[in-house]
Colleague: 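Handing you this structure, nothing more for now.
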Amino acid sequence: MSENLTASVTGDFDARLQAWFDERGWRLFDFQREAREAYLAGESGLIHSPTGSGKSLAAWLGPLAEAAGGADGGLRVLWITPLRALAVDTRQNLAEAAAALGSDWRVEVRSGDTSQSVRARQRRRPPEALVTTPESLSVLLSYADGASWFRRLACVVVDEWHELLGTKRGVQLELCLARLRGIAPGLRTWGLSATLANLAEARDVLLGPGADGRLVRGQAPKSVSIRSVLPDTLERFPWAGHLGIRLLPAVVEAIESKGSTLLFTNTRSQAELWFQGLVDARPDWVGRIALHHGSIDRKLRARIEDGLRAGELRCVVCTSSLDLGVDFSPVDQVMQVGSPKGVARLLQRAGRSGHQPGAVSEVLCVPTHAFELVEIAAARRAAEQGRIEARRPLVRSLDVLAQHLVTVALGGGFEAEPMRAEVSRTHAFAGLSDAEWGWVMDFVTRGGQALQGYPQYRRVEGVDGRYRVTDRGIGQRHRMGIGTIASDTAMNIRWLTGGSLGTIEESFVSRLERGDRFLFAGRLVELAQVRDMTAWVRRAKKGKRTVPRWQGGRMPLSTELADCVLEVLAAAGSGADESAEVTAVAGLLELQRRWSRLPVPDELLVEFTRSREGVSLFCYPFAGRLVHEGLATLLAWRLSRQTPATFTLSANDYGLELLCREEPAIDEERLAALFAPGDLEADLLACMNTSEIARRRFRDIARIAGLVFQGYPGRGKSTRQIQASSGLIFDVLERYDSDNLLLDQARREVLESQLEARRMRETLAAIGGKRIVIERPERLTPLAFPLWAERLQSQIMSSETWRDRVERMAASLERAAERRRKSA
DNA sequence: GACCTGCTGCGGGATG
């Protein structure tokens, strides 16, 4: 099938390719050659390699051979990337490569940033290669002439596939790829992915069930060095806490020692505080330190990225906003404040330094409390052993399917049976039942059971067996709503004097009064007024301030990392781990061992501790925060069914606490029964406020499925309105259409994503195989202390402040430890 | 000077 292609790859082309490589001092790696050969043989597949190792180039070599044939009209190569900023960089690289090889191909970008006139021209005369996002691809497929656009498509490349896999954006792309394969038979699909535990699955999902594909292994993973900033004396280092600002002097020193540093933090407010801390410590760095996170204005972020590229910045404090994208000239140093939460995430961040082939990536971790040192040692262990997290693909996301069906109905229409067949050629919908398919079709044509009276929900019309969107208004509104990313509950924040600062949570602003000062984008500002969904601010002088809080995801510690933490603790107990972190934290671990015991993989440690508030049950399954929250609720519920009692709950990544006035009558045997899986889902539904959580979840589903319209750009409906209308629909459906599959999906998503029911089940099963050990320490152990502090923080304090109490408790524990040391 | 968790990503176009 690729004879033409092979013929066009003449010796001349290969010579030019070689010359182009030589010019840059690059060498053609075996895996790049392998990808190219596979491409020329008509294969599809997935290329796996760490960042900055030339995998983009590997994917481009095949299509470049197409380019050597010259432009003969029509779109031949489509490059999908999850980030608009990456699209711009990619276009630049590809255009240069094509030109250097003597091709007259046009390489263009199309995304939300593309101007209307360019879009119009692109539709009239498509470029030979287009770099775009999954959403823009979907929009392209919604045009009536979309199919003719893609008819000659030879290759689609999906960059950063690991970022899309496991998300609804990935599901949407799966559907679009199936569509493209229907339009352009013989289309090759190539994906690019960073390291994942389930690479083969990632390839299969990309190519669709049953399709054959190659897995090209790139260069061996770069070696990564994970080190820690160690506190001078661990005696004074907090047992709990999240900010880590105590280590500021050491961090300043580390930044000083290198040319440029990326300082990753876990939250936006943490980034704000660290930025402020650095500026206060080193006023001479002003202008050469920058702050980068998701709430900061895009233009400002772009300027910072440019500054980083140009090597003008000494340090950028950021969140995951800089995990991806912007092909930096490498920074000299990467630092991570607080728990990295996962191995893959830490490796990805480490990869931002030492871009040269063969160079070592380095990351310097900054612990925010003592046990995080163990976590860092665990991350190193996991990285060395290649224990990287998997990303599980989503299935049966009916909201995405509904959106896609309207898109295709708009883009020239479809017939039911062929469409169903096409949809089942995706991994996400391979197992779609007749009932589900029937339901989604009914939903897009009639609005389903409850909404059939409303014409705006009759979006797709079937005439003579062909389904189309005939109403222009419906079509226009649908295009505006394409995509699966739920909009933030955000307000704009602007200077009174003009100029945008970024976005801020509506809920945060609503708590402020006029004249209140807060820290935003690294500046102290004062709220002047709120109107038109915008918070207007002016510069403020020093004074009382608040740090904005943004609503974000709550990342639990990954299973891989949590398992490694347990192993490191066990190794530390037997003296088998001699890492700097474990050595530094040895005294604390010894305290834990003496006062109670160290948790080990084949035991579940349960501690009963008496305090003036009552009796606390602490236990440490090391299964991540979300699971522990669910588990705490489940245990309390199961316990109170036997003996009525009130519990106060607390959870973190390592364990959970149940506080009760009286000590519940519990022994090992009863505990084991409480931890039995039983009918987990039914119990969870009974004891958690799942219906309220599902209601909130439904907001996104309703938007994706097209049940609520987000409003026209610039005249955005406030999120409260969206929440109100989706809430209304939720109630109507629950009452009059309780079989609605979108409700069902909302409940399913709550169980799976929000409560991590699957991981909870695995945790309970694992506990079933462990020996339960009860200890009754006289005081809070190092492991219990953060849980205790966490609970206090969430309770309303009497006259004392949280910090007072934490410090007093810490002091008394320290005294106790001191006494022990002396008597020993 | 005390205060203090919770990430990221996308998206329209006919008419004047």
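Numbers restart at 1 for each chain; the letters A, B, ... are given by sequence-line order, proteins then strands.
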Colleague: Does a salt bridge link A:Arg625 with A:Glu629, judged by any charged N lying under 4.0 Å from a carboxylate O?
Modeller: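 So A:Arg625 pairs with A:Glu629 through a salt bridge.
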Colleague: Does any N or O in the side chain of A:Thr133 come within less than 3.5 Å of the main-chain N or O of A:Ser111, such that one atom is a donor and the other an acceptor?
Modeller: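 Here the side-chain-to-backbone pair does not exist.
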Colleague: With a 3.5 Å cut-off and just heavy-atom distances, do the side chain of A:Gln476 and the base of B:dA14 make a donor-acceptor pair?
Modeller: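 Not at all, since no donor on one side and acceptor on the other fall under 3.5 Å apart.
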Colleague: Would you say A:Arg84 reaches B:dC10's phosphate, i.e. side-chain N/O to OP1/OP2 under 4.0 Å?
Modeller: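 Yes, within the criterion.
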Colleague: So, is A:Ser138 close to the B:dG11 phosphate, meaning a side-chain N or O under 4.0 Å from OP1 or OP2?
Modeller: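 The answer is no; no side-chain N or O of A:Ser138 sits under 4.0 Å from OP1 or OP2.
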Colleague: Nearest to the side chain of A:Met555, heavy atoms from C-beta on, is which of B:dC7, B:dG13, B:dC10?
Modeller: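 My answer, after comparing the listed nucleotides, is B:dC7.
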Colleague: Take the protein atom CZ of A:Arg246 and the nucleotide atom P of B:dC3, then report the distance between them rounded to whole Å.
Modeller: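 In whole Å, B:dC3 P lies 12 Å from A:Arg246 CZ.
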Colleague: Let me know the distance between CZ of A:Arg517 and C1' of B:dC4, rounded to the nearest Å.
Modeller: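 Nearest whole value for this atom pair: 19 Å.
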Colleague: Whole angstrom is fine here: how far is it from CE in A:Met480 over to P in B:dG13?
Modeller: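 My rounded result for the distance is 9 Å.
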Colleague: May I ask you to decide whether A:Asp399 forms a salt bridge with A:Lys168, counting only side-chain N to carboxylate O separations under 4.0 Å?
Modeller: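 Here A:Asp399 pairs with A:Lys168 in a salt bridge, since their nearest N and O are under 4.0 Å apart.
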Colleague: Identify whether any heavy atom of A:Thr265 sits under 4.0 Å from a base atom; if not, whether one sits that close to sugar-phosphate; answer base, sugar-phosphate or nothing.
Modeller: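 No contact at all - A:Thr265 keeps every heavy atom at 4.0 Å or more from the nucleic acid.
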Colleague: Under 4.0 Å, heavy atoms only, any strand: does A:Lys341 hit a base, just the sugar-phosphate, or nothing?
Modeller: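 Base contact.
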Colleague: Starting at atom CG of A:Asn266, determine the distance to atom P of B:dT8, rounded to an integer number of angstrom.
Modeller: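 It works out to 11 Å between those atoms.
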Colleague: Rounding to a whole Å, what distance do you find between A:Arg703:CZ and B:dC10:P?
Modeller: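 Rounded to whole Å, this separation is 13 Å.
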Colleague: Look only at the side chain of A:Thr426 and the backbone of A:Leu175, and say whether a donor-acceptor pair between them is shorter than 3.5 Å.
Modeller: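 The answer is no, because no donor-acceptor pair under 3.5 Å joins these two groups.
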Colleague: Whether A:Thr133 contacts B:dG11 is assessed here as follows: a side-chain N or O lying under 4.0 Å from the phosphate OP1 or OP2. Is that the case?
Modeller: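 Answer is yes, contact under 4.0 Å.
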Colleague: Considering heavy-atom distances to DNA chain B, does A:Asp113 or A:Gln116 have its closest nucleotide positioned more toward the 5' end?
Modeller: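 Comparing both residues, the 5'-ward one is A:Asp113.
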Colleague: Between atom CG in A:Leu410 and atom C1' in B:dA14, what is the gap in whole Å?
Modeller: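 My rounded result for the distance is 15 Å.
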Colleague: Which whole-number value in Å describes the distance from A:Ile296 CD1 to B:dT8 C1'?
Modeller: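 Atom CD1 in A:Ile296 sits about 14 Å away from atom C1' in B:dT8.
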Colleague: Name the closest nucleotide to the A:Arg169 side chain, picking from B:dT8, B:dG9, B:dG12.
Modeller: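 Among B:dT8, B:dG9, B:dG12, the one nearest the side chain of A:Arg169 is B:dG9.
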Colleague: Does A:Arg345 reach a base, just sugar-phosphate, or nothing at all? Heavy atoms under 4.0 Å.
Modeller: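 Touches a base.
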Colleague: Considering residues at least two apart in sequence or located in another chain, which fulfil the ring pair (Phe, Tyr, Trp, His ring centres under 6.0 Å) criterion with A:His404?
Modeller: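 Partners of A:His404 by the ring pair (Phe, Tyr, Trp, His ring centres under 6.0 Å) criterion come out as none, since no residue qualifies.
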Colleague: Would you kindly say whether A:Arg759 and A:Thr559 are connected by a side-chain donor-acceptor distance under 3.5 Å?
Modeller: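 Judged by distance alone, the side chains do pair up.
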Colleague: I want to check one thing: is the phosphate of B:dG11, taken as OP1 and OP2, less than 4.0 Å away from some side-chain N or O of A:Ser136?
Modeller: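 Indeed, a polar side-chain atom of A:Ser136 lies that close.
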Colleague: Looking at A:Arg301, does any N or O in its side chain come under 4.0 Å of the phosphate oxygens OP1/OP2 on B:dG9?
Modeller: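 Yes, A:Arg301 has a side-chain N/O under 4.0 Å of OP1/OP2 on B:dG9.
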Colleague: Counting heavy atoms from C-beta on, name the nucleotide in B:dT8, B:dG12, B:dC10 closest to the side chain of A:Thr319.
Modeller: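 Of all the options, the side chain of A:Thr319 is nearest to B:dT8.
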Colleague: Would you tell me if any nitrogen or oxygen in the side chain of A:Arg268 comes within less than 4.0 Å of OP1 or OP2 on B:dG6?
Modeller: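 For B:dG6, neither OP1 nor OP2 has a side-chain N or O of A:Arg268 closer than 4.0 Å.
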Colleague: A:Asn652 CG to B:dG6 P: how many Å, rounded?
Modeller: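 My rounded result for the distance is 16 Å.
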Colleague: Counting the atoms with a prime plus P, OP1 and OP2 as sugar-phosphate, which does A:Leu164 contact under 4.0 Å by heavy atoms, base, sugar-phosphate, or nothing?
Modeller: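 No contact at all - A:Leu164 keeps every heavy atom at 4.0 Å or more from the nucleic acid.
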Colleague: Is A:Arg119 near enough to B:dG12 that one of its side-chain N or O atoms lies under 4.0 angstrom from OP1 or OP2?
Modeller: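 So the side-chain polar atoms of A:Arg119 do come within 4.0 Å of the phosphate oxygens OP1 or OP2 of B:dG12, strictly under.
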Colleague: Relative to the 5' end of DNA chain B, which residue comes earlier, A:Glu163 or A:Glu372, by the nucleotide with the nearest heavy atom?
Modeller: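 Residue closer to the 5' terminus by nearest nucleotide: A:Glu372.
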Colleague: Of the options B:dC4, B:dG12, B:dA14, whose atoms approach the side-chain atoms of A:Leu273 most closely?
Modeller: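 Taking heavy atoms from C-beta onward, the closest nucleotide is B:dC4.
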Colleague: Check whether any side-chain nitrogen or oxygen of A:Tyr143 sits under 4.0 Å from OP1 or OP2 of B:dG12, and answer yes or no.
Modeller: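 Looking at the OP1 and OP2 atoms of B:dG12, neither is under 4.0 Å from any side-chain N or O of A:Tyr143.
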Colleague: Is any side-chain N or O of A:Arg479 under 3.5 Å from a base N or O of B:dG13, one able to act as donor and the other as acceptor?
Modeller: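 No pair found.
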Colleague: Please classify the nucleic acid contact of A:Gln270 as base, sugar-phosphate, or nothing, using heavy-atom distances under 4.0 Å.
Modeller: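 Result for A:Gln270 = nothing.
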Colleague: Taking ring pair (Phe, Tyr, Trp, His ring centres under 6.0 Å) as the definition, give me every residue that meets it alongside A:Phe622, ordered by chain and number, with sequence neighbours left out.
Modeller: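 Expected list: A:Tyr654.
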